[in-house]
Amino acid sequence: MRMYDIISKKRDGFKLCGNELEFFVKGYVKGKVPDYQASAFLMAAFIRGLDNEETSILANLMADSGDRLDLSSIKSTIVDKHSTGGVGDKITLIAAPIVASCGVPVAKMSGKSLGHTGGTIDKLDSIPGFNTKIEKGEFINNVKKIGISITGQTGNLAPADKKIYSLRDVTATVNNKSLVASSIMSKKIASGADKILLDVKTGKGAFMKSLNESIELASLMVDIGKRAGKETVAYITDMNSPLGNNIGNSLEVVEAIEILKGRGPKDLENIAFEIAARMIAMAVNRDLVECRQLVKESIIERKALSKFEQLIERQGGNPQITKDYSILPQAQIKHKVVAQSDGYIISIDAEALGKECVKLGAGRIKREDPIDYSAGIVLKKKVGDTVESGEVLMEIHTNHRSSFKDSAEILRNSIKTACRKPPVKPMILAYVDSNNVHRYAEY
Ligand code: URA
């Protein structure tokens with residue numbers, strides 16, 4: 001077999017068989033296929049597309065390129081949850097302790113932030129002492145002891161995806177549904193869960209900008225999961241505006257704790273509670289309506305909050321942060337951005353806010369960039385609110401003395417106002433399982 005023939009076959013629009021995809025994946029990981037041929041192959045796949053079978057084979061080959069986490073010693077159904085990436089998305093910090101507090105074990109490997117979207121591991125790393133680099137034995141032991149553990153992805157989780165993703169990043173081949181779906185699902189399959197719940201973000205701040213594209217991506221991932229023998233479902237949720245009010249690592253931890261205390265913003269609460277309820281329903285095969293009730297009780301009785309404190313303590317962090325937020329990293333500069341006109345807020349550009357947060361220090365452009373855990377933005381107004389000239393729109397938290405004023409201007413311009421109140425749009429737009437696509441809203 002020659003890589004040249006595989007490239008030309010895909011270039012001419014033909015379907016590849018498993019052996020050919022295996023030749024590419026294994027050859028590229030071992031360094032036998034050079035970057036220039038891998039790039040040509042990825043561009044051919046990007047333009048010609050991969051069908052569901054090819055996409056699924058690619059995902060499994062990448063999953064098998066490294067370690068597969070064996071969670072079989074945990075004698076319960078493990079449901080993994082994955083977000084395709086958003087701004088202000090702290091749902092894992094909320095849903096995971098809720099689910100565990102309802103007696104359903106959570107064994108979760110999470111990622112770091114990249115580009116304008118945040119990552120759960122950076123948020124947890126902002127908690128003083130919290131260890132997100134625990135080894136496999138301790139991870140599984142934590143789940144057995146307290147029902148929950150969250151750790152970073154091991155270096156050897158789907159290494160083929162890591163290498164191929166780096167190449168896609170510099171060859172304009174990221175934004176293809178099959179390549180995105182196989183990349184995400186390779187890591188989910190290797191992470192060892194029995195079932196997978198996907199939160200596919202849609203809108204300005206997401207990979208997929210339209211609802212239809214997001215549903216196609218979700219359907220593809222649901223199909224890969226099914227072929228791998230793992231029940232997989234997906235919610236499509238809105239990412240035009242940031243989720244909740246706080247963006248930035250320690251700020252998001254505070255907001256997640258507020259939700260666990262029953263007093264956080266409703267947009268975030270609605271999605272987080274629904275995802276938690278669905279995870280429980282999938283794990284124990286219970287009715288979703290009953291599981292929604294379990295979630296509410298866990299919040300009212302503060303069981304989820306105490307599970308989060310247990311998780312923090314178990315992984316070396318200071319659980320007092322839930323009582324005293326000042327223990328978390330604090331930015332030296334807190335700058336108020338004020339409105340220059342009156343009206344209703346009709347949009348807050350999630351992508352623009354995510355990008356400014358990176359500049360303020362809260363995120364990274366390259367994998368090795370350092371993070372300022374205290375940096376970020378606190379929104380004081382949300383879509384649908386009224387605003388008067390001079391009122392505070394948001395507060396910038398940063399330690400970058402030289403650049404925050406430029407950010408303030410960009411951030412002010414990322415909020416649009418009008419004289420009419422915008423219609424209220426639902427946050428959960430669709431649900432996809434292996435049988436159906438349920439659309440809740442069009443926009
Ligand atoms: N996240 C991933 O892990 N892979 C992609 O291709 C895109 C988003």
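Residue numbers start at 1 and run along the sequence shown. Every heavy atom of this structure was used, including side-chain atoms; hydrogens, water molecules and symmetry mates were not. Whatever order the structure lists ligands and atoms in, that order sets their numbers, starting from 1. Model, not experiment: these values are computed from the prediction.
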- Is the closest N or O pair between D161 and ligand 1 shorter than 3.5 Å? no
- Candidate list K10, K9, K15, R48, test salt bridge (charged side-chain N to carboxylate O under 4.0 Å, His left out), partner E54, passing option: K10
- Message: With heavy-atom distances below 4.0 Å as the criterion, list the atoms of ligand 1 near F207.
- Response: 7 (C), 8 (C)
- Query: Side chains of S56 and E53: closer than 4.5 Å at any heavy-atom pair?
  - Reply: no
- Item | Shortest protein heavy-atom distance from atom 3 (O) of ligand 1, along with the residue and atom involved | K187 NZ, 2.5 Å
- Query: So D80 and K188, salt bridge (charged side-chain N to carboxylate O under 4.0 Å, His left out) or not? Walk me through it.
  - Reply: CA-CA 8 Å; D80 197 359; K188 293 293 103 186; 3.0 Å; yes
- Item | Donor + acceptor pair across side chains of N436, Y431 (<3.5 Å) | no
- Among protein heavy atoms, which lies nearest atom 6 (O) of ligand 1, and at what distance? R168 NH2, 2.8 Å
- Would you mind reporting whether F273 and R292 have side-chain heavy atoms less than 4.5 Å apart? no
- Are any of the side-chain heavy atoms of I428 and E274 separated by less than 4.5 Å? yes
- Query: So is V180 close enough to ligand 1, meaning a heavy atom under 4.0 angstrom away?
  - Reply: yes
- Message: Closer than 4.0 Å to some heavy atom of S183 - which atoms of ligand 1 meet that?
- Response: 2 (C), 3 (O), 4 (N), 5 (C), 6 (O)
- Message: At less than 4.0 angstrom from any non-hydrogen atom of Y165, what atoms of ligand 1 do you find?
- Response: 4 (N), 5 (C), 6 (O), 7 (C)
- Note on the structure: shortest atom 1 (N) of ligand 1-to-protein heavy-atom contact is with I184 CG1, 3.8 Å
